[in-house]
Chemist: 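Below is the structure I would like to discuss, written out as structure tokens.
Just so we're clear, the structure is a prediction, and the values are computed from it rather than from any experiment. Note on naming: letters A, B, ... go to the chains in the order of the sequence lines (proteins, then strands), and numbering restarts at 1 for each one.
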Amino acid sequence: MENLTTKYNFEEIEAKYYNLWLKQGYFHATKDTDKKPFVIVIPPPNITGILHMGHALNNTIQDILIRYKKMSGFESLWMPGTDHAGIATQNVVERKITGDGLSRHVLGREKFLEKVWQWRQEYGSTIIRQLKRLGCACDWSRERFTLDAGYSNAVLDVFVNLYKKGLIYQGNYIINWCPRCQTALSNEEAPHKDMDGFLYYIRYPLKDSNEHIVVATTRPETMLGDTAVAVNPKDKRYKKIIGKTVILPLMNRQILIIKDDFVDPRFGTGAVKVTPAHDPNDYALGKRHGLEFVNIMHPDATLNENALDYAGQDRFKARAAIIEDLKERGLLLKVEAHKYAVGHCYRCHTIIEPYLSRQWFVKMKPLSLAAKKVVKDGKVKFYPSRWTKVYLNWMENIQDWCISRQIWWGHRLPVYYCKNCYKPDNTEEDVRQSGVIVAKTRPARCPDCGKADIVQDEDVLDTWFSSWLWPFATFGWPDKKVSEEDLKYFYPTSVLVTAQEIIFFWVARMIMAGLEFMQDIPFKDVYIHGTVRDKTGKKMSKSLGNIIDPLDIIKEYGTDALRFSLISITAMGQDVYLAKDKFELGRNFSNKIWNAARFILMNLDTKQTEGDLCIFYKQTKLSLADAWVLSRFYSTLKALNQALNNYRFNEAAGLLYEFFWHEFCDWYIELAKLNIKERNTQFVLYKILEKTLRALHPFMPFITEEIWQKLNPEAGSIMQKTWPHVQENLIDRVLEKKMTMLKEVIITIRNLRSKNNIKPKDMVEVSILAEDKKKRGILKDTQSYIEKLARVSKIAFLEVPVSFDGVSCDVASGCSIYLHINFDAAAENERIEHEINQITSNIKRKEELLKNSAFIAKAPVPVVEKENKALAELKADLKKLEAIKYAVKK
RNA sequence: GGGCGAUUAGCUCAGUUGGUUAGAGCGUUGCGUUCACAUCGCAAAAGUCGGAGGUUCGAGUCCUCUAUCGCCCACCA
């Protein structure tokens with residue numbers, strides 16, 4: 001058996017094994033009807049992505065599950081891939097070619113797309129390489145990309161399918177428009193942020209009158225597109241002037257004062273300027289009242305010719321200019337500070353413009369019904385469960401999904417127009433319009449007029465319109481030949497692991513798509529982990545400069561340390577505030593594991609480690625330490641299984657940490673040193689290490705593999721091994737209690753040594769009074785343990801109280817412990833007095849509790865019994881302490 | 001305007017169905033090179049569990065109210 005290097009060189013080890021696992025095909029999963037499948041589809045990272053802590057956490061969790069289930073006998077499949085990330089990628093490449101003095105418009109669509117593919121070739125798999133660095137056991141032979149041919153086919157298929165069902169339509173609406181990206185966005189892509197703004201009060205003069213009506217607005221520049229002023233019909237202040245005409249300042253346009261219940265008389269002046277082409281509410285008002293829709297902006301948010309003198313100006317410059325002009329004319333009454341929520345582009349953070357345009361939409365209400373039901377019925381479960389409510393609330397208030405994007409990188413709409421007979425109108429939801437052909441392939445001629453002059457829609461689909469098919473399109477759906485077998489076996493998938501930010505974007509929509517196209521849920525569980533933030537609670541982002549780069553941590557501490565640290569500090573669904581020093585936890589633990597293994601390997605004799613544990617257990621009389629560590633291992637394993645099955649990862653990590661470090665290393669290995677050469681010790685040391693490595697492997701794949709290989713040079717990879725089986729018969733609570741007593745006695749002696757300033761190298765003599773025969777027996781049997789771990793040279797066991805001169809004493813587990821040393825009698829007395837006081841007050845509390853008839857009557861019997869027993873023990877301890885006090889005084 | 005989360009030791013956080021005297025890591029203090037590990041060992045100090053009520057024999061845990069911080073959703077211009 002070869003030993004480990006003195007120092008744990010994680011860099012070398014990590015480089016060694018990932019490729020080996022890959023070469024051996026350990027990550028590959030295929031249909032195997034003898035096994036149950038366990039499947040996770042990766043949340044496909046954007047091809048523009050680089051690994052951040054969120055990814056590191058997200059993928060570590062998935063990897064733990066995948067490896068755990070694989071070892072547990074499941075056919076474990078982790079489906080990997082990347083997302084083309086329409087707007088994000090287009091932005092990146094555009095920025096790049098701008099640097100080269102080009103623009104996409106100069107290049108043209110085809111050439112530009114070539115550049116993007118080129119870019120993808122070069123940089124698009126950065127994140128994949130980084131996931132490999134993290135140790136992810138993805139089945140790379142199945143890697144998918146949302147713009148691959150097969151996948152694109154699925155996307156187009158779905159579009160045509162939904163169009164035929166009447167669930168996709170084209171229509172004119174106010175949508176969220178990003179003036180910088182120059183595309184429409186869905187509601188989810190335009191999150192609102194609170195901003196400090198102003199409420200401007202503007203006078204609108206009444207026609208043929210000296211009077212005026214005052215309107216309040218946060219966006220004065222939109223007044224150029226006003227086509228009415230609205231008041232509440234019940235508002236007494238304005239009753240007289242409803243129906244009158246006002247002159248729109250700066251534009252000199254005549255517009256009407258209309259009434260509508262929508263207007264809140266308590267807000268502002270109770271009079272609203274109506275701009276139907278630039279505000280969703282005003283749009284609805286405009287529709288109700290048949291108002292004119294005046295668009296005053298170009299797509300880049302500069303004002304257009306409808307803005308007359310302001311044409312050409314940027315929207316915010318125009319705002320300032322308009323305010324100045326109104327002021328000059330005495331039409332600006334006042335300005336108040338005002339907080340309001342404004343939509344921002346989720347890709348470039350530019351302020352969204354509500355913009356009237358013709359776009360494609362998915363009707364969501366019909367899709368949401370089944371998606372609501374499966375969650376309500378518990379067929380899809382959220383962990384933690386509170387997200388259920390968030391999900392259902394969104395489903396309840398669902399709005400149609402704008403899916404067309406005015407960019408080039410993505411799936412181009414399978415929509416064709418006949419130049420001859422297509423005439424876009426202003427309708428909403430024109431499900432069928434002549435000259436519109438929706439088909440996966442380009443039609444030869446127009447079915448309405450028969451002419452062949454046909455053009456394809458310029459737009460592409462929302463990236464999420466492809467992502468929502470991920471759990472089944474990755475298997476090759478809808479191509480039956482490719483996907484049928486796999487889907488039957490692997491679908492629905494087992495669990496989706498993701499962050500809260502994309503519940504609406506992705507999780508909710510996948511559930512809808514799964515139910516609509518597969519007639520089944522896409523996954524059974526949804527585990528939502530927290531967001532990784534910096535230590536002040538801010539999201540980590542490049543612009544804030546507060547990023548802790550996982551790759552830096554990997555370089556400095558190692559992958560396993562990164563993984564174990566992250567998992568340890570992430571309680572279910574709770575955000576994690578991260579600082580670099582948190583990773584020391586994992587680094588130190590790696591170091592501990594390494595050194596413990598090194599010690600064991602250093603002392604292990606291979607011949608002594610062979611055999612079956614259960615048979616060995618039955619046939620051998622084990623020492624307390626041996627039986628104890630086995631019992632503790634299996635108790636830990638049992639709890640570990642439970643924690644993993646309930647997605648309690650921090651608890652799982654904590655259990656392993658506690659067992660390995662503070663039980664196995666601190667106690668068992670120290671005790672094992674006493675008889676390290678003996679068969680039993682050798683066997684147990686080997687078995688515990690070997691099994692613990694397996695249980696640790698999903699968390700720390702590299703270090704466990706390296707140690708495994710050295711421990712079992714012939715046994716192959718740890719990845720091929722099974723998860724340890726819980727041996728219930730080896731779990732022995734009584735025995736664990738015995739060990740607890742022994743530990744208490746040892747700790748008490750150490751404590752007395754420390755209090756009396758005895759140097760670690762100095763040996764002491766002790767007497768132990770154990771009136772209880774059983775206890776005395778245990779302590780006598782483990783005398784050598786006490787001597788070794790408490791540095792004791794001689795122990796006298798007493799059956800009855802004896803008084804000593806010159807001893808330092810204490811009570812532990814019902815035994816009195818006397819240290820025969822020179823000591824400070826005054827200090828000793830004070831300490832014992834203090835202990836007596838403490839124990840007396842505890843006894844009092846317990847006596848009162850047990851005198852309480854309500855407690856006796858209503859508390860369950862075992863609880864009362866436990867209290868009684870505890871009281872008896874306390875009383876015995878008190879008696880001993882008093883005896884000790886007496887002894888000391890003498 | 002709704003919804004959610006957090007509030008526990010100096011710091012960062014655990015605490016599953018209510019059950020002895022509330023835990024960990026880091027930090028602090030004291031001692032320590034007994035050769036697996038100083039990325040270590042041994043020991044210690046440290047908390048009226050945000051506040052107020054309530055339910056209960058019993059509350060960090062359940063209920064109500066409340067304070068502070070944070071997040072999400074929502075068309076008050």
Chemist: Find the distance between CH2 (A:Trp394) and CD1 (A:Ile503) and round it off to the nearest 0.5 Å.
Modeler: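 Taking CH2 in A:Trp394 and CD1 in A:Ile503, the distance rounds to 11.0 Å.
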
Chemist: When we call it a touch if two heavy atoms are under 4.0 Å apart, what does A:Phe262 touch: a base, just sugar-phosphate, or nothing?
Modeler: base

Chemist: Over all strands shown, is A:Lys592 touching base, sugar-phosphate only, or nothing at heavy-atom distances under 4.0 angstrom?
Modeler: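 Result for A:Lys592 = base.
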
Chemist: Would you mind classifying the nucleic acid contact of A:Asp264 as base, sugar-phosphate or nothing, using non-hydrogen atoms under 4.0 angstrom?
Modeler: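 Base: the residue A:Asp264, judged by heavy atoms under 4.0 Å, touches a nucleobase.
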
Chemist: What heavy-atom pair brings A:Trp594 and A:Thr5 nearest, and what distance separates the two atoms?
Modeler: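 Minimum heavy-atom separation between A:Trp594 and A:Thr5: NE1-O, 2.9 Å.
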
Chemist: Would you say A:Asp226 and A:Thr275 are linked by a side-chain donor-acceptor pair, where the criterion is simply a distance under 3.5 Å?
Modeler: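 Yes, side-chain donor-acceptor contact under 3.5 Å.
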
Chemist: Classify the nucleic acid contact of A:Asp581 as base, sugar-phosphate or nothing, counting any heavy atom under 4.0 Å across all strands shown.
Modeler: nothing

Chemist: Please tell me which of the listed nucleotides, B:rU20, B:rU21, B:rG25, lies nearest to the side chain of A:His662?
Modeler: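 Minimum distance to the A:His662 side chain belongs to B:rG25.
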
Chemist: Expressed in whole Å, how much space separates the C1' atoms belonging to B:rC11 and B:rG32?
Modeler: 27 Å

Chemist: I'd like the C1' distance from B:rU21 over to B:rU17, given in whole Å.
Modeler: 23 Å

Chemist: Under 4.0 Å, counting only non-hydrogen atoms across every strand here, what does A:Ala216 touch: a base, just sugar-phosphate, or nothing?
Modeler: base

Chemist: Rounded at 0.5 Å granularity, tell me how far CD in A:Glu867 sits from CZ in A:Phe855.
Modeler: 5.0 Å

Chemist: Got a sec, which residues hit salt bridge (charged side-chain N to carboxylate O under 4.0 Å, His left out) with A:Asp194, two or more places apart in sequence or on another chain?
Modeler: none

Chemist: Looking across every strand, which nucleic acid part, if any, lies under 4.0 Å from A:Glu584 by heavy atom: base, sugar-phosphate, or nothing?
Modeler: nothing

Chemist: Is the shortest side-chain N/O distance from A:Lys869 to OP1 or OP2 of B:rU20 below 4.0 Å?
Modeler: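 No, no such contact exists.
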
Chemist: Just compare B:rU39, B:rG19, B:rU20 and give me whichever is closest to any side-chain atom of A:Lys846.
Modeler: B:rU20

Chemist: If only side-chain N and O atoms of A:Arg750 are considered, is one of them under 4.0 Å from the OP1 or OP2 phosphate oxygen of B:rA43?
Modeler: yes

Chemist: About how many Å separate CG of A:Asn852 and CD of A:Glu847, when rounded to the nearest 0.5 Å?
Modeler: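 Here the interatomic distance stands at 13.5 Å.
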
Chemist: Go through B:rU34, B:rG15, B:rC40 for me and flag the one nearest to the A:Pro760 side chain.
Modeler: B:rU34

Chemist: Say you pick atom P in B:rA6 and the same atom in B:rA14; how far apart are they, in whole Å?
Modeler: 8 Å

Chemist: Taking the side chain of A:Asn842 as its heavy atoms from C-beta onward, which of B:rU12, B:rU21, B:rG30 lies nearest to it?
Modeler: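 Comparing B:rU12, B:rU21, B:rG30 against the side chain of A:Asn842, the answer is B:rU21.
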
Chemist: Would you indicate which nucleotide in B:rC57, B:rC75, B:rC37 comes nearest to any side-chain atom of A:Ala854?
Modeler: B:rC57

Chemist: May I ask you to say what A:Val263 touches in the nucleic acid, namely base, sugar-phosphate or nothing, with a heavy-atom cut-off under 4.0 Å?
Modeler: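 Base contact.
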
Chemist: Between P on B:rC4 and CD on A:Gln574, what's the gap in Å once rounded to a whole number?
Modeler: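 A:Gln574 atom CD is separated from B:rC4 atom P by 15 Å.
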
Chemist: Indicate whether any N or O donor in one side chain lies under 3.5 Å from an N or O acceptor in the other, for A:Lys846 and A:Asn842.
Modeler: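 Not at all, the side chains of A:Lys846 and A:Asn842 share no donor-acceptor pair under 3.5 Å.
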
Chemist: If you look at every strand shown and take non-hydrogen atoms under 4.0 Å, does A:Pro860 touch a base, only sugar-phosphate, or nothing?
Modeler: base

Chemist: For B:rC69 versus B:rC63, give the span between their P atoms, rounded off to a whole number of Å.
Modeler: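 It works out to 24 Å between them.
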
Chemist: The side chain of A:Glu867 is closest to which nucleotide in this list: B:rU20, B:rA36, B:rA77?
Modeler: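 Among B:rU20, B:rA36, B:rA77, the one nearest the side chain of A:Glu867 is B:rU20.
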
Chemist: Using a heavy-atom cut-off of 4.0 Å across all strands, would you classify A:Lys7 as base, sugar-phosphate, or nothing?
Modeler: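 Base contact.
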
Chemist: Is there side-chain contact between A:Glu501 and A:Thr531, with heavy atoms separated by less than 4.5 Å?
Modeler: yes

Chemist: Scan A:Lys851 against the nucleic acid and name what it touches under 4.0 Å (heavy atoms): base, sugar-phosphate only, or nothing.
Modeler: nothing

Chemist: Give one of base, sugar-phosphate or nothing for A:Leu871, where a contact means two heavy atoms less than 4.0 Å apart.
Modeler: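 Answer is nothing: A:Leu871 stays at 4.0 Å or more from every strand.
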
Chemist: Rounding to a whole Å, what distance do you find between A:Phe564:CZ and B:rU39:P?
Modeler: 19 Å

Chemist: Between P on B:rU12 and CG on A:Leu566, what's the gap in Å once rounded to a whole number?
Modeler: 19 Å

Chemist: Using Watson-Crick and G-U wobble pairs whose two distances are both under 3.5 Å, how do you write the pairing of RNA chain B as dot-bracket, with | for links to another strand?
Modeler: (((((((..((((.....[...)))).(((((.......))))).....(((((..]....))))))))))))....

Chemist: When all nucleic acid strands are considered with a 4.0 Å heavy-atom cut-off, which category describes A:Arg266: base, sugar-phosphate, or nothing?
Modeler: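 Result for A:Arg266 = nothing.
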
Chemist: Within the modelled atom types, does a donor on one side and an acceptor on the other bring the side chain of A:Glu651 and the base of B:rA24 under 3.5 Å apart?
Modeler: no

Chemist: Tell me which nucleotide among B:rU39, B:rA36, B:rC31 gets nearest to the side chain of A:Ala596.
Modeler: B:rA36

Chemist: Does the side chain of A:Lys582 get closer than 4.0 angstrom to OP1 or OP2 of B:rU12 through an N or O atom?
Modeler: no

Chemist: Among B:rG5, B:rA14, B:rG19, which nucleotide has an atom closest to any side-chain atom of A:Arg386?
Modeler: B:rG5

Chemist: Among B:rA36, B:rC31, B:rA6, find the nucleotide with the atom closest to the side chain of A:Cys665.
Modeler: B:rA36

Chemist: Return the NZ to OG1 distance between A:Lys273 and A:Thr222, rounded to the nearest 0.5 Å.
Modeler: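 Rounded to the nearest 0.5 Å, the NZ-OG1 separation comes to 2.5 Å.
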
Chemist: Compare the minimum distances between each of B:rA77, B:rU20, B:rU56 and the side chain of A:Asp279, then state the nucleotide with the smallest one.
Modeler: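 Minimum distance to the A:Asp279 side chain belongs to B:rA77.
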
Chemist: Looking across every strand, which nucleic acid part, if any, lies under 4.0 Å from A:His338 by heavy atom: base, sugar-phosphate, or nothing?
Modeler: sugar-phosphate

Chemist: Whole angstroms only, please: what is the CZ-C1' distance between A:Phe664 and B:rA36?
Modeler: 11 Å

Chemist: Please write out each protein N/O paired with an N/O of nucleotides 71-74 of chain B under 3.5 Å, distance rounded to 0.1 Å.
Modeler:
none

Chemist: Less than 3.5 Å apart, any donor N or O on the side chain of A:Glu336 or A:Tyr201 sitting next to an acceptor on the other?
Modeler: yes

Chemist: Across the strands shown, which category fits A:Asn650 at heavy-atom distances under 4.0 angstrom: base, sugar-phosphate, nothing?
Modeler: sugar-phosphate

Chemist: Measure the distance from CZ on A:Phe855 to C1' on B:rG19 and round it to the nearest whole Å.
Modeler: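 Going from A:Phe855 (CZ) to B:rG19 (C1'), I get 8 Å.
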
Chemist: Quick check on B:rU16: is either OP1 or OP2 less than 4.0 Å from any side-chain nitrogen or oxygen of A:Arg648?
Modeler: no

Chemist: Can you measure from CG (A:Leu656) to CZ (A:Phe664) and round to the nearest 0.5 angstrom?
Modeler: 13.0 Å

Chemist: In whole angstrom, give me the gap between the C1' atoms of B:rU8 and B:rC13.
Modeler: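 Going atom to atom, C1' in each nucleotide, I get 9 Å.
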
Chemist: Between A:Ala643 and A:Leu655, what is the shortest heavy-atom contact and its length?
Modeler: CB-CD1, 4.5 Å

Chemist: Between A:Glu706 and A:Lys710, does any NZ, NE, NH1 or NH2 come within less than 4.0 Å of an OD or OE carboxylate oxygen?
Modeler: yes

Chemist: Expressed as a whole number of Å, how far does the P atom of B:rC75 sit from that of B:rA67?
Modeler: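 It works out to 27 Å between them.
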
Chemist: Please report the interatomic distance CG(A:Leu199) to OG1(A:Thr218), rounded to the nearest 0.5 Å.
Modeler: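 So the CG of A:Leu199 and the OG1 of A:Thr218 are separated by 7.0 Å.
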
Chemist: For nucleotides B:rG2 and B:rC76, find the distance between their C1' atoms and express it as a whole number of Å.
Modeler: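 These two C1' atoms come out 15 Å apart once rounded.
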
Chemist: Does a nitrogen or oxygen in the side chain of A:Trp661 sit under 4.0 Å from OP1 or OP2 of B:rA36?
Modeler: no

Chemist: Quantified in whole Å, what is the C1' atom distance between nucleotide B:rU61 and nucleotide B:rG54?
Modeler: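 Approximately 15 Å lies between the C1' atom of B:rU61 and that of B:rG54.
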
Chemist: Round to a whole Å and report the spacing from CD1 of A:Ile553 to C1' of B:rU39.
Modeler: 15 Å

